[in-house]
Amino acid sequence: MEKTYRPEALEQRWTETWEASGCFRPSGEGEPYCILLPPPNVTGTLHMGHAFQHTLMDCLIRVHRMRGRDTLWQVGVDHAGIATEMVVTRQIEAEGGRRDEYSRDDFIARVWQWKQESGSTITAQMRRLGASADWSRERFTMDAGPSEAVIETFVRLHEQGRIYRGPRLVNWDPVLKTAISDLEVVNHEEQGRLWSIRYPRTDGQGDVVVATTRPETMLGDVCVAVHPDDERYTDLVGRTLTLPLTGREIPVVADDYVDPEFGTGCVKITPAHDFNDWEVGERHGFDPINIFTPEARINDEAPEAYRGLDRFDARARIVADLEAEGLLVDEKPHAMVVPRGDRSGQIIEPFLTDQWFVKMDDLGRLGLETVENGDVEFVPGNWINTYRHWMENLQDWCISRQLWWGHRIPAWYDADGNVYVARSEDEARERHGIDAATELRQDSDVLETWFSSALWAHSTLGWPDPERMEAEGFDRYLPTSVLVTGFDIIFFWVARMIMMTGHFTGRVPFEQVYITGLIRDRDGQKMSKSKGNVLDPIDLIDGIDIDALVEKRTRALMQPKMKAAIEKHTREEFPEGIPAFGADALRFTFAALAGHGRDIKFDLSRCEGYRNFLNKLWNASRFVLMHAGEERLPDGRDDDVVARWIRSRLDRAIGAVDEALAGYRFDLAARAIYEFVWNEFCDWYLELVKPELFDDAEAGRRDATRRTLAEILDATLRLLHPFAPFVTEEIWQRLRTPLGIEGEHLATAAWPAAGTPDADAEADVEWLKTVISGVRSARTELNLAPGKTMPLMVQQAGKSDRERLDRFGDRIRRLARLESIEIVPDDRDAADCAVQLAGDMRLLIPLAGLVDVEEELARLGKQLDRERKGLESTEKKLANERFVANAPEAVVEKERARNAEHARAVAELEAQIEKLRAMAD
RNA sequence: GGGCGAUUAGCUCAGUUGGUUAGAGCGCUGUCUUGACAUGGCAGAGGUCACUAGUUCGAAUCUAGUAUCGCCCACCA
């Protein structure tokens, strides 16, 4: 093995070996354990959020595989309607073409071609990360199976009366020219303007003033509303106003939607262009007047002067015209919430179109009950609040999109506009007795991406085809075990899966939902291309030099003027670029950062620290392997106390990891392993057994120790494997021969079982560590030559101390660098020695004439302070009668023991200080 | 306006049903190239647990309130 751990030298080789061996396929035996990968967009590349979540999923999958479960990680990718169309459109434009030169079929062919070429980027990147999925079961939402599920679902929902089509106000993106869902609209507070406009009464008896942020929509006003209790306007209700610029007569109505406190208390009502106004219009029986084309230009409903104008040009024109007519009362800045499409960034219009909807009433109830009664559990549990809130306020789900890329809606129209929903055109004709001569035209809309995603749990397991369900393990793997995802898609996806899988299969899609935090940059900022703070997980694995990183971050910016700032910031943060940490270090970092209920500030120094940790493991392994040799080690059990101790510590670590993982506390699991490997195994165990490996006097124990070394390392590698699969597999291979392990790969080796800790052995070694640390501490603080060995004298050693000194003397001598250990009478004067308390014992280190009294006094003084503080605290507690009376006996007892210890230490230190002072004078 | 979360060492975070002198990593200080490892060893320094009040023998932990920050949801034209 090389002296330094080099991840790049081993990671890729293992991915290939594992996959070739088929060890990631479900075993078919054992209790099923299944995780559904939230399908990433086919357009996508792996970002930090993916890498994070995939690491956690893979970690769970690997642990359960090692525990012998029948493990399936169901992977796949999503066709991502809008996102993909935008990517391909941009590509066409980059080639100098135009999207509208393409026919529907040609465009779709182009998208498929693109999918063929680049659709596997993200899965290739997942492999780099070590994802142990059964890739032979990879699905795409537009594959035949999932597509059949989509059609079947649509038809059945329609048959059940749960799908309807109709004209409704929807969120309309005038640039993409499609409806989008509420969830795809992001509301930003932006600085706008508020205009006050005078609407004259038709009878000439004055006028009313209305306020609006969107004056152009007045062309579609149907009435003006006032609050029914607003005494200012009681006589106005029922009368009419003359709508400026159009001359249309519109009535004044009373509706308690109006807030009489705001503005003048009069509101213009435009049902076709505002969701609230739509409801007011409905209540009062007005027909909405749509004044926009799908591109949000003024249409022919409006006066000629405005037709064809873009919505923003129309606004300017109308404001100018109103002013000219003296009808503009006021114009002032106004902070308002502006809806924008999350894909296009454009201002969304409420727009009246025919769309398909799924009724959410009883599906919503089902979704709510499923979580309320615990059939699906959220981890952390407080996410149930978010889920509940949304489910209780569900709107019908608009599922149609005016796009080309996606599942086309299975509905056909005849010339009269009658609609026939069926699984195919043939079925439509058959069912409704339509002869071949009658022309049918399929609905041109597609279903929104989340419609197929909602079916993902059961559609990837063969539903609705009974044969495929049998072959793909529908019964076996549904419900899946846990869904790992971010809070941002609880509504988009999690809720809809719970409803759809529940409705169609009677099962839950997953038993638990583990909601992860968001990965942010070092400063807590969300990572985004436009901020130029994105980290690419692949760059953390392979490393990247600073120029390449800057180039990557500043390439194709939406706002080129940001370039200089991004470059400056990037060069400051990564003056040397990013070193290659390797996938294992990145994975371990993700696990270690994965606390609950908190976003994650991704700090490169953590990654570096865990890379160093793996290097430490690498070198400890080199040491173990050097001694384990390349031949089968002799059998036998090592009952030496140090062996029992390290096994005990390992047992505790295994127990801690098991417990942590059961609660999805990856951070605690990672920490337990880290601490065991570094603080126990490397810092103490390896050092403690060195005499047995090197000194001839201890040769009798050599084989037993070699075996223990190999066994502990074996279990440690198993424990660490789900977190850092590559390096552990690489090392573990070299243990197979010494330990006679039959299994071929660590990836499929058995998970270690936690034994019962050995308290006696732990107490012994704890004592040993106290003595050694005490000596070391005294040495350093007195600046005694660290390389030089020196004698140690011990006073006040009790029976067990003497017995332990006897057993551990050699080890103490070696680790504390002592030339001798001698028990001396308690009354031996310690004035020429450094004194260190260790348990009940006094450790004396002769200062051999080099006494720096001041330093020793300072050192003792510091110890005394510490002990006095402790004594004060315990005395105060014990003096409190109510503490003694009320606290559990064990707690009081512990406090008494502590008190005695402190008191004793204080006395010892005081005496020693006095002696030293006397000597110095 | 409603909801959720956070606030612990210079930085990033643990702290499990209340019970030592509140821990870790990074950074910092000193020191050491000892036959696994300088991506290291050893030894240190560093905190009024945001604030206030309460419950309790005992509070970082429980309760109420305050402050600051963050996120989600919401129809004020």
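This structure is a prediction, so every number in the text was calculated from the model and none was measured. The figures here come from the full heavy-atom set of this structure, side chains too, leaving out hydrogens, waters and symmetry mates. Convention: sequence-line order gives letters A, B, ...; per-chain numbering from 1.
On a pure distance criterion of 3.5 Å, no polar donor-acceptor pair joins the side chain of A:Arg866 and the base of B:U21.
Residue A:Asp259 places its side chain closer to B:C76 than to any other of B:C76, B:U21, B:G44. Closest contact between the side chain of A:Thr780 and the listed nucleotides B:A24, B:A14, B:C42 involves B:C42. Checking B:A14, B:U16, B:A77 against the side-chain heavy atoms of A:Val267 singles out B:A77 as nearest. Nearest to the side chain of A:Arg898, among B:U21, B:U20, B:C76, sits B:U20.
Between A:Leu194 and A:Trp684, it is A:Trp684 whose nearest contact on RNA chain B lies nearer the 5' terminus. Each of A:Ala778 and A:Glu261 has a nearest nucleotide on RNA chain B; the 5'-most of these lies closest to A:Ala778.
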Sub-3.5 Å pairs of nitrogen or oxygen atoms, protein against nucleotides 71-75 of chain B:
unit_1	atom_1	unit_2	atom_2	d
B:C75	O4'	A:Asn276	OD1	3.3
B:C75	O4'	A:Asn276	ND2	3.2
B:C75	O2'	A:Asn276	ND2	3.0
B:C75	N1	A:Asn276	OD1	3.3

Tabulate protein N/O versus nucleotide N/O from nucleotides 33-37 of chain B, keeping only pairs under 3.5 Å, one per line.
unit_1	atom_1	unit_2	atom_2	d
B:U34	O2	A:Arg817	NE	3.1
B:U34	O2	A:Arg817	NH2	2.1
B:A36	OP1	A:Lys690	NZ	3.2
B:A36	O3'	A:Arg622	NH2	3.3
B:A36	O2'	A:Asn619	OD1	2.9
B:A36	O2'	A:Arg622	NE	3.4
B:A36	O2'	A:Arg622	NH2	2.6
B:A36	N7	A:Lys690	NZ	3.4
B:A36	N6	A:Cys682	O	3.4
B:A36	N6	A:Glu687	OE2	3.2
B:A36	N3	A:Asn619	O	3.3
B:A36	N3	A:Ala620	N	3.1
B:C37	O4'	A:Asn619	OD1	3.1
B:C37	O2'	A:Asn615	ND2	3.4
B:C37	O2'	A:Asn619	ND2	3.4
B:C37	O2	A:Lys616	NZ	3.0
B:C37	N3	A:Lys616	NZ	2.9

Below 3.5 Å between N/O atoms, which protein atoms pair up with nucleotides 8-12 of chain B? Just atom names and distances, please.
unit_1	atom_1	unit_2	atom_2	d
B:U12	OP1	A:Lys601	NZ	3.3

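Taking atom P on both nucleotides, B:A24 is separated from B:G46 by 14 Å, rounded to a whole Å. Straight-line distance between the C1' atoms of B:A53 and B:C11: roughly 32 Å, to the nearest whole Å. Of the P atoms belonging to B:U20 and B:A59, the separation is 12 Å, rounded to the nearest Å. Only the P atoms considered, B:U16 is 11 Å distant from B:U61, to the nearest whole Å. Taking atom C1' on both B:C72 and B:U17, the two are 31 Å apart, rounded to the nearest angstrom. With both ends at atom P, the span from B:C62 to B:C4 equals 16 Å, rounded to whole Å. Nucleotides B:A22 and B:C13 place their C1' atoms 14 Å apart, quoted to the nearest Å. Taking atom C1' in both B:G18 and B:G25, the straight-line distance is 27 Å, to the nearest Å.
Relative ring orientation between A:Trp390 and A:Phe491 is described as parallel, the plane-to-plane angle staying below 30° on a 0-90° scale split at 30° and 60°. Between A:Trp383 and A:Phe487, the angle of the ring planes stays under 30°, which puts this pair in the parallel group of the 30/60° scheme. Taking the six-membered ring where the residue is Trp, A:Phe676 and A:Phe681 present parallel rings, their angle staying beneath 30° rather than reaching 60°.
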Exercise for review: Show your reasoning for whether ring pair (Phe, Tyr, Trp, His ring centres under 6.0 Å) applies to A:Phe262 and A:His227.
Suggested key: CA-CA 11 Å; A:Phe262 188 91; A:His227 195 276; over 10 Å; no
Point to revise | Pair A:Phe602-A:Asp521, side-chain contact (heavy atoms from CB on, under 4.5 Å): steps then yes or no | key: CA-CA 5 Å; A:Phe602 192 87; A:Asp521 76 0; over 6 Å; no
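The residue A:Trp278 sits apart from the nucleic acid: no heavy atom pair falls under 4.0 Å. The residue A:His334 sits close only to the backbone: its heavy atoms come under 4.0 Å of sugar-phosphate atoms, none of a base.
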Practice item. Return one dot-bracket line describing RNA chain B 5' to 3' (Watson-Crick or G-U wobble pairs, both distances under 3.5 Å; ( ) same strand, [ ] crossing, | another strand, . none). Key: (((((((..((((.....[...)))).(((((.......))))).....(((((..]....))))))))))))....
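The side chain to side chain donor-acceptor pair (under 3.5 Å) check on A:Glu2 picks up A:Arg6, with sequence neighbours excluded. Listed by chain and residue number, A:Gln836, A:Glu856 satisfy the side chain to side chain donor-acceptor pair (under 3.5 Å) test with A:Arg859 (two or more places apart in sequence, or in another chain). In terms of the side-chain contact (heavy atoms from CB on, under 4.5 Å) criterion, residue partners of A:Pro579 (sequence neighbours excluded) are, by chain and number, A:Phe581.
For the pair A:Phe602 CZ and B:G25 P, the computed distance is 19 Å after rounding to whole Å. Distance A:Ile845 CD1 to B:A43 C1': 13 Å, rounded to the nearest Å. Here the C1' atom of nucleotide B:A24 and the CZ atom of A:Arg665 are 14 Å apart, to the nearest Å.
Applying the salt bridge (charged side-chain N to carboxylate O under 4.0 Å, His left out) rule to pairs touching residues 261-274 of chain A yields A:Asp221-A:Lys268, sequence neighbours excluded. Listed by first and then second residue, the salt bridge (charged side-chain N to carboxylate O under 4.0 Å, His left out) pairs involving residues 860-872 of chain A are A:Arg868-A:Glu910 (not counting sequence neighbours). Note on residues 665-682 of chain A: pairs passing side-chain hydrogen bond (donor to acceptor under 3.5 Å, both in side chains), not counting sequence neighbours, are A:Arg649-A:Glu680, A:Arg665-A:Asp667. Pairs passing the salt bridge (charged side-chain N to carboxylate O under 4.0 Å, His left out) check and including a residue from residues 589-616 of chain A, sequence neighbours excluded, read A:Arg520-A:Asp599.
No more than 12 heavy-atom neighbours from other residues, nucleotides or ligands sit within 6.0 angstrom of CD on A:Glu630.
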What pairs of donor and acceptor atoms, side-chain ones from residues 879-891 of chain A against any protein atom, are under 3.5 angstrom apart with sequence neighbours left out?
unit_1	atom_1	unit_2	atom_2	d
A:Asn880	OD1	A:Arg882	N	3.0
A:Asn880	OD1	A:Phe883	N	3.4
A:Asn886	ND2	A:Arg882	O	3.1

